[in-house]
Amino acid sequence: MTVVTRFAPSPTGYLHIGGARTALYNWLFAKHHAEYGSGGRFLLRIEDTDRKRSTEDAVAAILDGLKWLGLDWDGDAVSQFTMAGRHAEIARQLLDEGNAYKCYCSPEELQEMRDSARAEGRKTMYDGRWRDRDPADAPPGVDPVIRLRAPHNGETVIPDMVQGEVKVNNGELDDMILLRADGSPTYMLAVVVDDHDMGVSHVIRGDDHLTNAFRQIQIYHGLGWEVPQFAHIPLIHGADGAKMSKRHGALGVDAYRDQGFLPEAVCNYLLRLGWSHGDDEIIRRDQAIEWFALESVGKSPAKFDVDKLTSLNGHYIREAEDARLVDLVMPLLARSLDGGLAEDTESRLAKGMAGLKERAKTLLELAESAEIYAMTRPLSLNEKAAEMVEGDGRAHLTSLRGRLADVATWSHEALETAVRTYAETAELKLGKAAQPLRAALTGRTVSPSIFEVIEILGRAEVLGRIDDVLKDG
RNA sequence: GUCCCCUUCGUCUAGUGGCCUAGGACAUCGCCCUCUCACGGCGAAAACACGGGUUCGAGUCCCGUAGGGGACGCCA
């Protein structure tokens with residue numbers, strides 16, 4: 001049997017990190033079955049029935065986020081709103097079959113019902129006052145809502161692939177609204193109908209939907225439809241232990257992109273947040289597809305830890321192709337240097353990327369360290385670097401300038417030999433000579449191997465940068 | 001308040017009754033490597049929420065307590 005999963009975000013904002021993980025798990029589960037089972041498809045449905053809160057921008061942001069993460073969906077994204085007619089038709093069917101009824105309560109009346117129930121410590125449920133009332137009693141001029149005639153006795157159980165069997169007494173559940181007074185479907189009805197119509201076999205979503213599943217199962221039963229497999233994955237919590245919500249500082253995936261994270265790092269991190277495969281930490285996508293199973297999803301919520309994401313990101317940066325990193329860094333450099341890039345920045349970066357990427361944990365750090373190849377003369381030295389080219393440092397620099405000018409073959413081996421020879425003759429530790437050089441050539445006290453930097457910058461630029469420093473002061 | 005769920009190092013987790021003196025990863029701290037910073041290597045510190053059972057034996061099973069979370073909309 002083919003596995004069909006779906007990701008069903010409501011377009012009220014960006015794709016936040018929790019949603020991204022839900023999408024990842026759905027995608028992985030479908031891909032796993034596509035490659036190792038008897039087929040799998042991953043669908044995308046935009047839950048835009050709330051017209052007031054849904055926006056085009058949000059839809060675009062969500063699609064963008066998924067694409068950035070590399071989570072491609074099968075077929076076109078489905079707009080739930082466009083299915084409203086179908087939803088109403090099903091509500092009508094339920095009504096005709098006696099599994100639903102019209103309720104003429106006003107929103108105010110319901111609010112009172114809830115308020116007094118809570119005040120008295122009772123469950124805040126609809127009391128079913130129109131469940132068996134004669135429709136002839138309907139107040140004139142009031143558009144009714146349609147409610148499900150839910151069972152009052154027995155229990156409803158969710159066989160959940162992550163949470164196990166979760167049960168509730170039907171007495172705890174009230175008759176939910178399926179169709180609003182204006183004829184539009186509620187979320188509960190719409191999800192069930194759409195999942196059924198789209199042939200969804202596995203509903204993998206956040207744990208905050210677990211209690212919704214009870215009600216949805218009742219709708220499936222009312223319709224006589226087969227209930228899909230459920231898998232409610234634990235939520236991601238913020239540092240304070242509460243659910244990561246948008247108003248809680250949860251960031252959109254675009255924010256992580258802007259902070260210099262690679263999509264593969266974000267995916268790897270998200271995958272490991274709540275799921276594990278023994279002691280494995282670095283898990284490439286193809287490996288994830290092979291290994292992913294709902295059985296190994298944990299049951300407890302996890303806190304988001306940027307440090308670990310950052311560490312993973314450093315790993316993936318080191319592993320990334322140099323050319324790709326150059327492409328990612330160039331626009332960042334253009335921005336930070338305000339367009340004033342050295343002419344051969346790109347070719348220098350191509351040569352220097354191997355040394356650069358080893359030292360960066362984010363693309364932002366990478367771009368910052370890459371500035372040494374992009375800046376035009378004269379460089380401005382930071383405070384510590386400026387100190388380093390004073391006094392002894394200045395003297396060494398002067399000597400070193402001469403030695404470098406005389407190096408026959410401009411290779412980092414020959415350059416290193418030249419500098420080492422100088423240090424030995426002057427009876428210096430290599431660092432005493434290397435640091436002033438680094439300061440003069442990069443304006444900083446930290447950089448890739450200074451010999452590599454010298455080679456890449458080229459003789460003219462190197463001598464020029466040294467002269468700039470020796471000139472002033 | 002009611003219902004549902006969760007509980008192993010600071011964090012993510014391994015662990016499915018004996019292999020646990022509880023393993024790995026991130027973070028932290030030391031040492032090594034070293035032209036700086038990283039990377040890498042080695043090492044340290046760090047956890048089974050608590051209380052009862054069941055069992056020859058419990059981190060692993062059961063019950064309770066505490067703590068945390070989620071859901072209780074004509075939102076999704």
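Computation of the quantities below employed the complete heavy-atom set of this structure, encompassing side-chain atoms and omitting hydrogens, waters and symmetry-equivalent molecules. First the proteins, then the strands, lettered A, B, ... as listed; each starts at 1. Since this is a predicted model, take the numbers as computed values, not measurements.
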Give me the distance, rounded to whole Å, that separates B:A49 from B:C9 when you measure between the C1' atoms they each carry.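 Roughly 14 Å separates the two C1' atoms.
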Under a 3.5 Å cut-off for both contacts, is [N] paired Watson-Crick or G-U wobble with anything, and if yes, with which nucleotide?
| N | value |
| --- | --- |
| B:C39 | none |
| B:G10 | B:C26 |
| B:C56 | B:G18 |
| B:A71 | B:U2 |
| B:G64 | B:C50 |

What is the ring orientation for A:H209 with A:Y187, classed by angle as parallel under 30°, tilted 30 to 60°, or perpendicular over 60°?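 The arrangement is tilted - the two ring planes meet at 30° to 60°.
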Contact under 4.0 Å: [X] side-chain N or O vs [N] OP1/OP2:
| X | N | answer |
| --- | --- | --- |
| A:T49 | B:A76 | yes |
| A:R114 | B:C74 | yes |
| A:R180 | B:A76 | yes |

Can you tell me how far [atom2] of [N] sits from [atom1] of [X], to the nearest Å?
| X | N | atom1 | atom2 | answer |
| --- | --- | --- | --- | --- |
| A:K384 | B:C37 | NZ | P | 10 Å |
| A:D115 | B:C72 | CG | C1' | 13 Å |
| A:F304 | B:A25 | CZ | P | 21 Å |
| A:L173 | B:G73 | CG | P | 12 Å |
| A:M113 | B:G1 | CE | P | 23 Å |

Side chain of [X] - closest among [options]:
| X | options | answer |
| --- | --- | --- |
| A:K361 | B:G70, B:A27, B:C5 | B:A27 |
| A:N212 | B:U2, B:C35, B:A76 | B:A76 |
| A:I450 | B:C26, B:C35, B:U7 | B:C35 |
| A:S449 | B:C35, B:A76, B:G10 | B:C35 |
| A:T211 | B:U7, B:G70, B:C5 | B:G70 |
| A:K303 | B:C12, B:C5, B:A14 | B:C12 |
| A:A302 | B:C6, B:C75, B:C12 | B:C12 |
| A:T124 | B:U36, B:A71, B:G73 | B:G73 |
| A:S276 | B:A14, B:C5, B:C37 | B:A14 |
| A:L430 | B:C4, B:U7, B:C35 | B:C35 |

Answer with yes or no whether A:R318 presents, from its side chain, a donor or acceptor under 3.5 Å of a partner atom in the base of B:C39.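 For A:R318, whose side chain was compared with the base of B:C39, there is no donor-acceptor pair (under 3.5 Å).
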I want to confirm an ordering. Mapping A:Y104 and A:S447 to their closest nucleotides on RNA chain B, which one lands closer to the 5' end?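 Closest to the 5' end, via its nearest nucleotide, is A:S447.
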Is the distance between the ring centroids of A:W130 and A:Y101 less than 6.0 Å?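 Ring-ring flag for A:W130/A:Y101: false, centres at least 6.0 Å apart.
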Among A:F292, A:F42, A:F7, A:W275, whose ring pair (Phe, Tyr, Trp, His ring centres under 6.0 Å) with A:Y25 holds?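 Single ring pair (Phe, Tyr, Trp, His ring centres under 6.0 Å) partner of A:Y25 among A:F292, A:F42, A:F7, A:W275: A:F292.
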Just to verify, which of A:S10, A:S79, A:S54 counts as forming a side-chain hydrogen bond (donor to acceptor under 3.5 Å, both in side chains) with A:D48?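 Only match with A:D48 under side-chain hydrogen bond (donor to acceptor under 3.5 Å, both in side chains): A:S79.
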Please list, for nucleotides 22-24 of chain B, all pairs of protein and nucleotide N/O atoms separated by less than 3.5 Å.
from: B:G23; atom 1: N2; to: A:D279; atom 2: OD1; distance (Å): 2.7
from: B:G24; atom 1: N2; to: A:R272; atom 2: NH2; distance (Å): 3.4
from: B:G24; atom 1: N2; to: A:E281; atom 2: OE2; distance (Å): 2.6

